[in-house]
Novice: 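The following block contains the structure, expressed as structure tokens.
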Amino acid sequence: MFNLYGLKNKKGEEKMGKRRKMFTVFVLILGALVLSSSMAMARPIELSLSLIIPPKHLRNINVLQPWTKMIEERTHGKVKITPYYSGALAPPPQTFNSIVSGVADIGEGIAYATPGRFPLTETIMLPELGLETSLSCSRALWHLYKKFPEVRAEYSGVKMLWLHVTPAVKLITRTRPVYSLKDLKGLKIRVSGATAVKMGKALGFTPVSMPMGDLYLGLEKGVIDGVALPNEILISRRIGEVTKFVTDIDLGHDTFFVVMNEQTWNRLPKDVQKVFEELSGDWAVDFTGKAWDRFDKEAKEKVKQRGIKYITIDPAEKARWKKLLAPIKDEYAAELDAKGLPGTKVLRELEKLAGR
């Protein structure tokens with residue numbers, strides 16, 4: 001006899017089985033979506049950091065490495081910053097534009113490496129401004145950035161993080177001690193930027209342009225007789241191994257920017273932006289300036305112990321140096337004025353900050 005009840009029961013079980021399978025598939029899909037979402041949330045925001053310095057540079061060890069670590073810690077792992085050293089992503093002249101175009105997310109670059117891009121910023125590279133330390137110079141430049149829209153315009157196209165400046169540049173020589181202007185005659189000295197070239201000619205030495213990475217060999221082989229750079233270069237680039245004398249004179253400063261690609265900045269979550277804001281600007285200017293002054297002083301003490309001699313110029317002789325250097329500052333400001341930039345106003349503001 002045909003069992004209608006049994007047939008219905010069998011069909012019901014088949015439907016129930018299909019429903020269980022569909023439910024299982026749904027649960028698996030939902031679980032996969034949740035897991036995928038969870039993994040996406042856990043994956044950090046990876047940012048590239050373009051640097052022109054090597055890993056062992058004192059500025060990397062004392063400033064940039066601690067800064068990236070603080071960013072990562074305060075974002076609770078939401079951000080991971082990967083440094084690329086020694087111009088791996090962009091050489092110094094292209095650093096700024098590489099950040100604008102997004103080749104790198106963040107970058108530290110040097111102003112003079114891109115001629116004509118940062119003329120007002122480069123005012124602080126002038127010699128004998130009366131701002132000796134990195135902290136005082138960095139604060140002064142940051143003040144200019146906040147006060148003058150023309151200075152801010154030099155950094156259009158990026159998110160500004162902070163600016164910083166070296167301590168006063170010294171005259172570092174291979175074998176000839178420099179006590180006076182006559183000692184400079186015939187020396188080939190590596191300098192930074194066009195203004196430093198004018199300074200060299202005014203003082204009577206031959207200014208030379210040479211990439212930072214070539215300085216050690218250039219000094220060792222006698223291609224150049226010296227460099228105009230801060231004390232820390234004696235350690236961070238091992239220049240103290242191939243030089244014997246440092247003349248303690250203020251020959252200006254090198255100026256750096258730390259900036260972020262605008263699109264990268266706009267994509268960051270608000271809480272991450274907040275952390276970057278807290279660790280940039282005024283805080284970062286002071287953090288960098290204090291650190292640089294500390295390791296610059298430590299470098300000086302280390303190389304003195306190794307036998308490098310520091311020379312203090314006689315006051316009357318130093319006055320002669322200052323007299324030769326003074327016109328360079330006003331000429332530089334006048335050149336900027338002629339281009340419609342507030343060159344003289346910026347220079348006078350720096351002199352006011354220096355108490356002059």
Novice: Is the centre of the W283 ring less than 6.0 Å from the centre of the W67 ring?
Specialist: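 Centroid separation for W283 and W67: 6.0 Å or greater.
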
Novice: Report yes or no: does T114 contribute a side-chain atom to a donor-acceptor pair with the main-chain N or O of R117 at less than 3.5 Å?
Specialist: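 No: the side chain of T114 does not pair with the backbone of R117.
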
Novice: Closest approach of K300 and D248, non-hydrogen atoms and distance?
Specialist: NZ-OD2, 4.2 Å

Novice: Under a 4.5 Å cut-off applied to non-hydrogen side-chain atoms, are E349 and H143 in contact?
Specialist: yes

Novice: F96 and ring pair (Phe, Tyr, Trp, His ring centres under 6.0 Å): which partner among F256, F118, Y112?
Specialist: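 Exactly one candidate clears the test, F118.
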
Novice: State whether the number of non-hydrogen atoms from other residues, nucleotides or ligands found under 6.0 Å of K146 atom NZ is greater than 12.
Specialist: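 Buried by this count: over 12 neighbours within 6.0 Å.
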
Novice: Can you get from L229 to I313 by hopping between Ile, Leu, Val, Met, Phe, Trp and Tyr side chains that sit under 4.5 Å apart?
Specialist: yes

Novice: So, S236 versus R238: side-chain donor-acceptor pair below 3.5 Å or not?
Specialist: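 There is no such pair (donor and acceptor under 3.5 Å, judged by atom type) between the side chains of S236 and R238.
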
Novice: Got I71 and K78 here, is their nearest side-chain heavy-atom distance under 4.5 Å?
Specialist: no

Novice: Which atoms form the tightest heavy-atom contact between S134 and W292, and what is the distance?
Specialist: OG-CB, 3.6 Å

Novice: So E108 and L64, do their side chains get closer than 4.5 Å, heavy atoms only?
Specialist: yes

Novice: Sub-3.5 Å donor-acceptor pair from the side chain of D214 to the main-chain atoms of M210, do we have one?
Specialist: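 No, because the side chain of D214 does not come within donor-acceptor range (under 3.5 Å) of the backbone of M210.
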
Novice: Taking a hydrophobic cluster as the set of Ile, Leu, Val, Met, Phe, Trp and Tyr residues connected by side-chain heavy atoms closer than 4.5 Å, whether directly or through intermediates, do L184 and V197 fall within one such cluster?
Specialist: yes

Novice: Check for me, please, whether V208 and L219 land in the same ILVMFWY cluster - side-chain distances under 4.5 Å, paths through other members count.
Specialist: yes

Novice: For the residue pair V63 and P66, what are the closest heavy atoms and their distance?
Specialist: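 Closest pair (atom of V63, atom of P66, distance): O-CD, 3.3 Å.
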
Novice: Between A299 and I235, what is the shortest heavy-atom contact and its length?
Specialist: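 Looking at all heavy atoms of both residues, the closest pair is CB-CG1, 3.7 Å.
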
Novice: Testing the basics here: between D337 and G343, what is the closest heavy-atom pair and its distance to 0.1 Å?
Specialist: OD1-N, 2.9 Å

Novice: Specify the closest pair of heavy atoms between S48 and A104, including all atoms of both residues, with the distance to one decimal.
Specialist: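 Answer, listing the atom of S48 first, then A104: OG-CA, 3.4 Å.
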
